[in-house]
Trainee: 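Handing you a structure now.
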Amino acid sequence: MLANEPLLPREFFLLPPDLVARRLLGARLLRRWNGAVLAGRIVETEAYFGHGDPAAHAAAGCTARNRVLWGEPGHAYVYFIYGLHCCLNVSCEPDGSAGCVLLRALEPLGGVAAMRGLRGLGERAAPHLVASGPGRLCQALAISRAGLNGADLLDPNGELLLAASEAGWVPGEVAVTPRVGISKAADRPLRFFLAGNPCVSGPRGPQLRPA
DNA sequence: ATTACGATCATCT
DNA sequence: GATGATCGTAATC
């Protein structure tokens with residue numbers, strides 16, 4: 001059951017988004033769906049700051065779309081983009097600050113057949129096609145704005161939550177690059193991923209120094 | 001391997 | 001009215 005998983009503590013998300021993004025690598029995202037549990041390891045993240053970050057949605061100030069960013073940390077900010085995709089963020093920083101972390105890719109761990117189905121992939125599709133990329137991640141876990149935007153990811157009874165990595169799991173090297181797909185502040189090194197993991201999306205280099 | 005483009009719509013100017 | 005934290009397909013090198 002999901003309720004037995006060791007969830008991340010709320011304090012984990014009080015830190016600035018770059019630190020949270022870095023530390024979220026290796027953690028697991030769990031989704032209760034249709035009586036099954038879909039699970040994946042977070043292998044790629046991006047940090048967006050609540051202040052001084054023109055690429056962040058929070059730069060527009062508090063609006064109807066992004067208001068969850070200003071609330072309690074550890075909640076889901078889900079938004080619709082390019083007319084057909086959703087992206088999932090985790091709010092961080094204390095109440096009143098709007099930092100967040102975009103979850104960009106998962107390594108599938110459980111419920112993989114269901115995830116392939118949600119993605120419209122064949123049974124033989126490679127794992128790295130299942131949830132690598134923010135839009136693919138949401139499709140693979142049946143995450144949409146309706147229902148999950150604003151959800152508390154630290155509620156053991158919730159449908160979507162963040163669990164610690166397995167006991168004994170050891171993170172490998174972390175790589176850092178500029179963020180993907182943005183036009184403003186495109187030079188800041190705020191994308192983090194597990195070096196060498198095949199489920200990472202997008203460019204894998206050149207890498208900057210590990211944090 | 002790399003580049004280009006269309007899909008499609010909520011949100012903001 | 002323009003833009004966008006993307007993806008899949010197609011074309012070209």
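Residue numbers begin at 1 in each chain, while the letters A, B, ... track the order of the sequences.
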Trainee: Can you check whether A:Arg119 has a side-chain N or O nearer than 4.0 Å to OP1 or OP2 of C:dC7?
Mentor: no

Trainee: Grab the NE2-P distance between A:His85 and B:dT11 for me, whole Å please.
Mentor: 17 Å

Trainee: With a non-hydrogen cut-off below 4.0 angstrom, is A:Ala55 in contact with a base, only sugar-phosphate, or nothing?
Mentor: base

Trainee: Would you tell me if any nitrogen or oxygen in the side chain of A:Arg104 comes within less than 4.0 Å of OP1 or OP2 on C:dT6?
Mentor: yes

Trainee: Roughly how many Å is it from CZ in A:Arg67 to C1' in B:dT11, rounded to a whole number?
Mentor: 14 Å

Trainee: Return the value, rounded to whole Å, for the distance between atom NE2 of A:His57 and atom C1' of C:dG4.
Mentor: 7 Å

Trainee: Just N and O in the side chain of A:Arg179: are any of them under 4.0 Å from OP1 or OP2 of C:dG4?
Mentor: no

Trainee: Taking the side chain as everything from C-beta on, heavy atoms only, tell me whether A:Leu153 gets closer than 4.5 Å to A:Leu7.
Mentor: no

Trainee: Could you tell me the separation between the OH atom of A:Tyr82 and the C1' atom of B:dC5, rounded to a whole number of Å?
Mentor: 13 Å

Trainee: Taking the nucleotide of DNA chain B with the closest heavy atom to each, which residue, A:Arg145 or A:Gly83, is nearer the 5' end?
Mentor: A:Gly83

Trainee: Are A:His85 and A:Phe80 near enough that their ring centres are under 6.0 Å apart?
Mentor: no

Trainee: Expressed in angstrom and rounded to an integer, what is the separation of A:Leu103 atom CG from C:dT6 atom C1'?
Mentor: 16 Å

Trainee: Touch check for A:Arg65, heavy atoms < 4.0 angstrom, all strands: base, sugar-phosphate only, or nothing?
Mentor: sugar-phosphate

Trainee: Under a 3.5 Å threshold, yes or no: a donor from one side chain and an acceptor from the other, between A:Glu72 and A:Ser91?
Mentor: no

Trainee: Under 4.0 Å, counting only non-hydrogen atoms across every strand here, what does A:Gly135 touch: a base, just sugar-phosphate, or nothing?
Mentor: sugar-phosphate

Trainee: Over how many whole Å does the gap from A:Ile182 atom CD1 to C:dT6 atom P extend?
Mentor: 9 Å

Trainee: Starting at the 5' end of DNA chain C, which residue's closest nucleotide do you reach first, A:Tyr79 or A:Leu129?
Mentor: A:Tyr79

Trainee: Look at A:Ser183 and C:dG4 and indicate whether a side-chain polar atom (N or O) is within less than 4.0 Å of OP1 or OP2.
Mentor: yes

Trainee: Could you let me know what C:dA5 is paired to, Watson-Crick or G-U wobble, both distances under 3.5 Å, or none if it's on its own?
Mentor: none

Trainee: Going by heavy atoms in the side chains, are A:Val78 and A:Ile143 under 4.5 Å from each other?
Mentor: yes

Trainee: Whom does B:dT8 pair with, Watson-Crick or G-U wobble, provided both distances fall under 3.5 Å?
Mentor: none

Trainee: Rounding to an integer number of Å, can you tell me how far A:Leu88 CG sits from C:dT6 P?
Mentor: 14 Å

Trainee: Closest nucleotide of DNA chain C for A:Lys184 versus for A:Pro134: which of these residues is on the 5' side?
Mentor: A:Lys184

Trainee: From the set C:dT6, C:dA5, C:dC7, return the single nucleotide nearest to any side-chain atom of A:Leu102.
Mentor: C:dA5

Trainee: What does A:Phe80 touch in the nucleic acid at a heavy-atom separation under 4.0 angstrom: a base, only the sugar-phosphate, or nothing?
Mentor: sugar-phosphate

Trainee: Is any NZ, NE, NH1 or NH2 atom of the basic residue among A:Arg10 and A:Asp152 found under 4.0 Å from an Asp or Glu carboxylate oxygen of the other?
Mentor: yes

Trainee: In the single-linkage hydrophobic clustering (I, L, V, M, F, W, Y; side-chain heavy atoms under 4.5 Å), do A:Val180 and A:Leu84 co-cluster?
Mentor: no

Trainee: Could you tell me how far apart A:Leu84 (CG) and B:dG6 (C1') are, to the nearest whole angstrom?
Mentor: 10 Å

